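So the structure is just underneath, and the comments pick up after that.
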Amino acid sequence: MIRVRFAPSPTGHLHIGGARTALFNYLYARHNNGRFILRIEDTDRTRSTEEYIDTIIEGMKWLKLDWDEGPFRQTDRFDVYRDYTERLIREGKAYRCYCSPEELEQRRKEAITQGQPQKYDGRCRNVEKGQSIKVSEDQSKNAAVRFKMPQEGQTVVDDLMRGKVVFENNQLDDLIIMRSDGTPTYNFTVVVDDVDMKITHVIRGDDHLNNTPKQIHIYKALGYDIPLFAHLPMILGADKTRLSKRHGATSVMVYKEMGYLPDALVNYLVRLGWSYGDQEVFTREELIKYFSFENVGKSSAVFNPEKLLWLNSQYMINTSSEDLTKMVMPFLIQEKIINEEQPLDKVWLSKAIATLKERAKTLVELAKTLRYYIVEDIEYNEKAKAKFLNEKSRDLLIELKDALTSLPDFSVSEMEKIFKSMIEKHNIKLGNLAQPVRVAITGGTESPGIFEVLDIVGREKTLKRLDRAIRVIQNQ
RNA sequence: GUCCCUAUCGUCUAGUCCGGCCCAGGACAUCGCCCUUUCAAGGCGGUAACGCGGGUUCGAAUCCCGCUGGGGACGCCA
């Protein structure tokens with residue numbers, strides 16, 4: 001049974017990079033009928049917050065990356081880490097370190113200026129029995145615990161993505177596994193938890209590749225089997241540096257707020273690194289069916305918001321108008337086009353959406369363009385008004401209004417007949433009539449086909465708006 | 001500074017393992033044309049890439065070496 005996990009730290013929102021790591025874990029688990037586990041790595045108590053835990057979970061749910069076990073929290077497991085730490089000390093595989101963070105920082109700075117490797121110098125490594133260093137009670141109580149890394153030989157990480165990666169052990173640092181306040185640190189908890197949770201494949205970002213040899217030695221010291229590793233390439237911003245807030249929206253929930261569909265984001269994210277021939281658009285089932293590390297690239301990818309926007313527009317087109325009706329509601333409220341209690345005919349709304357979904361790239365755009373269908377009075381775009389609501393169009397609008405008023409059946413085909421006869425009579429192009437009408441009805445020059453628009457807006461509002469446009473022209 | 005990863009159009013990528021089908025294919029963006037009552041959507045077409053230098057070979061985007069570029073790591077962060 002394959003078991004994978006996504007292990008974010010709640011020191012920020014679920015961001016684009018994390019979401020993709022989660023997605024690849026999810027797809028690998030589902031593809032192999034394995035288990036997908038969510039674990040919150042909140043050992044850094046100064047930076048982790050409950051709020052971030054909630055938003056990460058919210059983000060996972062929004063993207064429909066459902067997990068099978070968890071969310072587990074490392075803060076619930078401190079006793080476990082403490083036991084393991086004590087065991088390692090007892091066995092001589094870890095030791096107490098009395099150096100203060102300030103001292104270490106000082107030494108690190110010196111090492112950098114002197115061009116020396118920035119590595120713990122190991123001064124507490126062999127003094128555990130206390131002969132050569134005098135330690136006050138206070139110091140003893142506040143000691144951190146370091147893990148003894150081997151200093152000779154090599155460590156090989158056999159990575160599913162990158163093959164065998166060789167590290168020289170003399171590069172390895174005696175890392176701290178327990179802080180002086182008694183809380184454990186990442187490189188230690190990650191190993192303990194992956195063992196306890198029987199993780200078979202550790203799939204994570206490239207930035208962890210360098211930690212892997214250290215973790216391998218912890219596995220060995222604990223006497224456990226080493227899982228398989230797959231280190232994914234990172235996502236970069238347009239300037240090719242690590243994706244960060246400088247590059248715009250990085251939190252997945254911001255994409256929700258901007259009116260993106262979760263499936264579109266997932267589709268975009270999976271194609272950042274993974275490919276399946278020339279296919280661009282995938283259903284969730286296809287992703288699960290086709291996913292494999294063989295088709296994941298090795299180099300980092302630049303996040304391209306424009307392609308995401310395009311994909312979203314494709315998903316808008318391919319989503320049923322009924323589903324879009326449900327999805328757009330919060331945005332209609334947000335845009336103050338409707339209020340929460342306002343009743344709205346869902347069938348009618350869905351018909352309106354059908355005319356707009358191939359024109360709107362996001363749900364926000366969809367909501368905004370829906371405005372002239374829903375609200376009572378429209379606002380004119382000044383340029384459009386100046387160009388089309390003038391003396392030239394006044395008589396046409398009056399004539400059309402009269403014709404539509406007496407029209408027995410206010411249908412697309414009947415309206416079409418009226419427009420046709422009018423343009424023949426006046427020897428004008430359809431656009432000469434349609435554009436002024438469009439401005440009168442929608443306020444602007446861009447909309448779906450004019451007959452569809454009139455049909456959805458309905459006779460009552462249509463006549464009212466034509467009337468208003470005529471008055472506006474007369475008052476000029 | 002040390003270590004690790006990586007390198008095909010502006011961007012995401014196919015092709016690389018098993019050299020010839022590739023004077024490099026698709027997608028986004030961009031430009032042009034078509035469709036057209038506007039805007040979209042759609043259709044057609046254009047511009048645009050194998051980082052550089054050495055090898056190996058009849059032949060290299062593909063194999064080997066070097067260089068250069070890019071990224072990451074070096075925390076009592078994860």
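Small disclaimer: the values here were computed from a predicted structure and weren't measured. Labels below follow one simple rule: chain letters A, B, ... track the order of the sequence lines, proteins then strands, and each chain is numbered from 1.
- In this model, the phosphate group of B:G69 is not approached by any side-chain N or O of A:Lys240 to a distance below 4.0 Å at OP1 or OP2.
- Between A:Lys361 and the phosphate of B:A41, there is a side-chain N or O to OP1/OP2 separation shorter than 4.0 Å.
- For an aromatic pair to be called close, the ring centres must be under 6.0 Å apart, and A:Phe24 with A:His201 fails this.
- Between the CD1 atom of A:Ile56 and the P atom of B:A78 there is a distance of 14 Å, rounded to whole Å.
- Using a cut-off of 4.0 Å between Lys/Arg side-chain N and Asp/Glu carboxylate O, A:Arg77 and A:Asp196 are scored as salt-bridged.
- Nucleotides B:C22 and B:U11 are separated by 25 Å at their P atoms, to the nearest Å.
- Between A:Lys351 and A:Asp455, at least one side-chain N (NZ, or NE/NH1/NH2) sits under 4.0 Å from a carboxylate O, which counts as a salt bridge.
- Between the side chain of A:Asn211 and the base of B:A73, no donor-acceptor pair of N or O atoms lies under 3.5 Å.
- Relative to the side chain of A:Ile317, the nucleotides B:U38, B:A41, B:U8 differ in distance, and B:A41 lies closest.
- Put simply, the side chain of A:Asp278 and the base of B:G25 share a donor and an acceptor less than 3.5 Å apart.
- A:Leu243 places its CG atom 16 Å from the C1' atom of B:G70, with the value rounded to the nearest Å.
- With RNA chain B read from its 5' end, the first of the two nearest nucleotides for A:Gly297 and A:Gly431 is the one closest to A:Gly297.
- Protein atom OH of A:Tyr186 is 11 Å distant from nucleotide atom P of B:C74, rounded to whole Å.
- Comparing A:Asn304 and A:Phe167 against RNA chain B, the residue whose closest nucleotide sits nearer the 5' end is A:Phe167.
- The aromatic rings of A:Tyr290 and A:Tyr276 sit parallel, their planes meeting at an angle under 30°, below the 60° perpendicular limit.
- The pair A:Lys368-A:Glu365 does not meet the salt-bridge criterion, since no charged nitrogen lies less than 4.0 angstrom from a carboxylate oxygen.
- Put simply, CD on A:Gln171 is 9 Å from C1' on B:C74, counting in whole angstrom units.
- A:Thr43 has a side-chain polar atom (N or O) that falls below the 4.0 Å cut-off from OP1 or OP2 of B:A78.
- As a whole-Å value, the separation of A:Phe388 CZ from B:U37 P is 14 Å.
- Annotation: the span from A:Leu349 atom CG to A:Leu370 atom CG amounts to 5.5 Å, rounded to 0.5 Å.
- B:G10 and B:C50 have their C1' atoms separated by 16 Å, given to the nearest Å.
- Counting atom types as modelled, A:Ser180 pairs a side-chain N or O with a base atom of B:C76 as donor and acceptor under 3.5 Å.
- Below the 3.5 angstrom threshold, one finds no donor paired with an acceptor across the side chain of A:Arg162 and the base of B:U6.
- Using atom P as the reference point in both B:G46 and B:A27, the two lie 12 Å apart (nearest Å).
- Taking only side-chain atoms of A:Pro101, from C-beta outward, the nucleotide of B:C76, B:C5, B:C12 with the closest atom is B:C76.
- Taking atom CE of A:Met234 as the reference point, atom P of B:C5 lies 16 Å away to the nearest angstrom.
- Ring-centre distance between A:Tyr260 and A:Tyr315: not below the 6.0 Å cut-off.
- Within the 4.0 Å cut-off from OP1 or OP2 of B:C77, not a single side-chain nitrogen or oxygen of A:Gln74 is found.
- Rounded to whole Å, the P atom of B:C65 lies 15 Å from the corresponding atom of B:C18.
- Distance from the side chain of A:Arg271 is smallest for B:G26 among the nucleotides B:G26, B:U37, B:C28.
- Taking 4.0 angstrom as the limit, A:Arg242 places a side-chain polar atom (N or O) nearer than this to OP1 or OP2 of B:A73.
- Taking 4.0 angstrom as the limit, A:Arg108 places a side-chain polar atom (N or O) nearer than this to OP1 or OP2 of B:C76.
- The listed nucleotides are B:A73, B:A41, B:U37; the one nearest the side chain of A:Phe451 is B:U37.
- The backbone N or O of A:Met149 lies less than 3.5 Å from no partner atom in the side chain of A:Lys214, so there is not a single donor-acceptor pair.
- To the nearest whole angstrom, the two P atoms, one in B:U16 and one in B:C34, are 40 Å apart.
- OP1 and OP2 of B:G72 both lie 4.0 Å or more from every side-chain N or O belonging to A:Arg204.
- Look at the C1' atom in both B:G55 and B:U13: the space between them is 30 Å, to the nearest Å.
- In this structure, A:Ile176 places its CD1 atom 12 Å from C1' of B:C77, rounding to the nearest Å.
- Comparing the P positions of B:C52 and B:U68 gives an interatomic distance of 16 Å, to the nearest angstrom.
- With hydrogens and angles left out, the side chain of A:Glu280 and the base of B:G26 share a donor-acceptor pair within 3.5 Å.
- Under 3.5 Å, the side chain of A:Arg359 and the base of B:C39 form at least one donor-acceptor pair of N or O atoms.
- With rounding to whole Å, A:Leu430 atom CG is found 16 Å from B:C35 atom P.
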